[in-house]
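Just so we're on the same page: letters track the sequence lines, and every chain starts at 1. Source: prediction; values computed, not measured.
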Number of protein chains: 2
Amino acid sequence: MSKQAGLLPAIDLTADTPCCPPLAQSRVPAQTAAVLAPAFKALGDPVRLQLMSMIASAKGGEACVCDLTPAFDLTGPTISHHLKTLREAGLVDAERRGTWVYYRARPAILRQLAGLLSVEPAAVA
Amino acid sequence: MSKQAGLLPAIDLTADTPCCPPLAQSRVPAQTAAVLAPAFKALGDPVRLQLMSMIASAKGGEACVCDLTPAFDLTGPTISHHLKTLREAGLVDAERRGTWVYYRARPAILRQLAGLLSVEPAAVA
DNA sequence: CGTCTGTCTTGACGTTCGTCGAATCAGAGA
DNA sequence: TCTCTGATTCGACGAACGTCAAGACAGACG
């Protein structure tokens, strides 16, 4: 077994979860909270939020680490650590192609999180 | 000045921020990330995610701490601490009425976060 | 006033996080 | 093969987090 094969997401959000009624509509069950909270937590760092955005909005739907790293005043290992956090939260996928590693967003979980947060436009008035 | 008047949110998300184009559409600026990341971070704990949901989905739009606390296997101070975190992230408002304190969700920021996460239904196909 | 109940603050504890430098791995090319 | 470059892992550090017990504050009711 390759020692550096940790490029797969640790949890699979696309399967089990029943795609979340809005948080403001019915109480989130403890189990759902336990699954989704780590995703919010991963987004809870300014660097990771920007990384996520750069990946999700990248041309072709994917971004190379080599383009991501120089966008911050941080070392390579630190960016790699943040990308690993996003990966383990199930927010992105990574794929190595030759010398470079490309990251790609997982729209399904993004939609889940957005749906959980959604509020009726004229909720309280 | 009352020593226990820390019931107001620490930041005002409803004013400055220009209501966020989707994260997957254009790169989130560092400044926006710095403002919004703490909100995601606040949602990044299972207990707080449930608290937020219980408050936002409560009948009348508000929930009493006395109803929130017994829903968890945690002490009062711990729940109070989590509520303070939600307050400081601008996600909820608190109001004391007589003996009890009521919490109320702030739909505006919820909408902002949901909008940031929104993805076109058939984004990548 | 005194007391009781509900909530928040303080102080402490162990754990996790964000960051770095150094070392390692993976692939490309000479 | 050896070397070079890109990316990750490892080990360490200080800072922040989640939790609790103990104490303080606010309001209601005698």
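If you check the side chains of A/Arg96 and A/Tyr102, you find no donor sitting under 3.5 Å from an acceptor.
The nearest whole Å value for the distance from the CH2 atom in A/Trp100 to the C1' atom in C/dA26 is 13 Å. Atom-to-atom, CG of B/Asp67 to P of C/dG6 comes out at 11 Å; the value is rounded to the nearest Å. Computed from coordinates, the A/Leu51 CG to D/dA7 C1' distance equals 14 Å when rounded to whole Å. Per the geometry, CD belonging to A/Glu62 stands 13 Å off P belonging to D/dA7, to the nearest Å. Across the protein-nucleic acid pair, B/Leu83 atom CG and D/dG18 atom C1' stand 14 Å apart, rounded to whole Å. Nucleotide D/dA15 holds its C1' atom 13 Å from the CG atom of A/Asp45, rounded to whole Å. Atom CD1 in A/Ile79 sits roughly 15 Å away from atom P in D/dT9 (whole-Å rounding). Whole-Å rounding puts the A/Leu86 CG to D/dT8 P distance at 12 Å.
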Q | Stepwise side-chain contact (heavy atoms from CB on, under 4.5 Å) check, B/Lys41 with A/Lys41 | A | CA-CA 5 Å; B/Lys41 185 190 227 172; A/Lys41 185 190 230 173; 5.9 Å; no

(Q) Determine whether B/Leu43 and B/Leu113 satisfy the following criterion, side-chain contact (heavy atoms from CB on, under 4.5 Å), listing intermediate values before the conclusion. (A) CA-CA 11 Å; B/Leu43 258 15; B/Leu113 299 179; 4.0 Å; yes

Q.
Set out, in order, the CA-CA distance, both residues' side-chain angles and the distance that settles side-chain contact (heavy atoms from CB on, under 4.5 Å) for A/Arg106 and A/Val92, then state yes or no.
A. CA-CA 5 Å; A/Arg106 297 168 72 91; A/Val92 299; 5.6 Å; no

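Atom CG in B/Leu116 sits 5.0 Å away from atom CG in B/Leu23 (nearest 0.5 Å). Note that CD of A/Gln31 and CG of A/Leu36 are 11.5 Å apart. Values are rounded to the nearest 0.5 Å.
The backbone N or O of A/Ser26 lies less than 3.5 Å from a partner atom in the side chain of B/Ser53, making a donor-acceptor pair.
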What side-chain donor-acceptor pairs closer than 3.5 Å can you find for residues 72-81 of chain A, not counting sequence neighbours?
unit_1  : atom_1 : unit_2  : atom_2 : d
A/Thr75 : OG1    : A/Thr78 : N      : 3.4
A/Thr75 : OG1    : A/Thr78 : OG1    : 3.0

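The side chain of A/Lys41 has C/dC17 as its nearest neighbour among C/dC8, C/dG18, C/dC17. Of the candidates D/dG18, C/dG6, D/dG6, D/dG18 carries the atom nearest the B/His82 side chain, counting heavy atoms from C-beta on.
Not counting sequence neighbours, the partners of B/Cys66 by the side chain to side chain contact (heavy atoms under 4.5 Å, CB included) test are B/Cys64, B/Trp100.
Look at A/Tyr103 and you'll find a side-chain N or O under 4.0 angstrom from OP1 or OP2 of D/dT8. Contact annotation: B/Lys84 side-chain N/O to C/dT7 OP1/OP2 distance is not under 4.0 Å. Remark: B/Arg96 is not in phosphate contact with D/dC25, judged by side-chain N or O atoms under 4.0 Å from OP1 or OP2.
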Table of protein N/O atoms under 3.5 Å from nucleotides 20-22 of chain D N/O atoms:
unit_1 : atom_1 : unit_2  : atom_2 : d
D/dC20 : OP2    : B/Thr75 : N      : 3.1
D/dC20 : OP2    : B/Thr75 : OG1    : 3.2
D/dC20 : OP2    : B/Thr78 : OG1    : 2.8

Set out, line by line, the N/O atom pairs under 3.5 Å between protein and nucleotides 28-30 of chain C.
none

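Between A/Arg87 and A/Asp93 no salt bridge is recorded (no basic side-chain N to carboxylate O distance below 4.0 Å).
Pairs of residues two or more places apart, or lying in two chains, that qualify as salt bridge (charged side-chain N to carboxylate O under 4.0 Å, His left out) and include a residue from residues 42-62 of chain B are B/Glu62-B/Arg97, B/Glu62-B/Arg104.
Across every non-hydrogen atom of B/Ala42 and B/Leu91, the tightest pair is CB-CD1, 3.8 Å.
In the helix from C/dC1-D/dG30 to C/dA30-D/dT1, the rotation axis of the first five pairs and that of the last five pairs differ in direction by 10°, rounded to 10 degrees.
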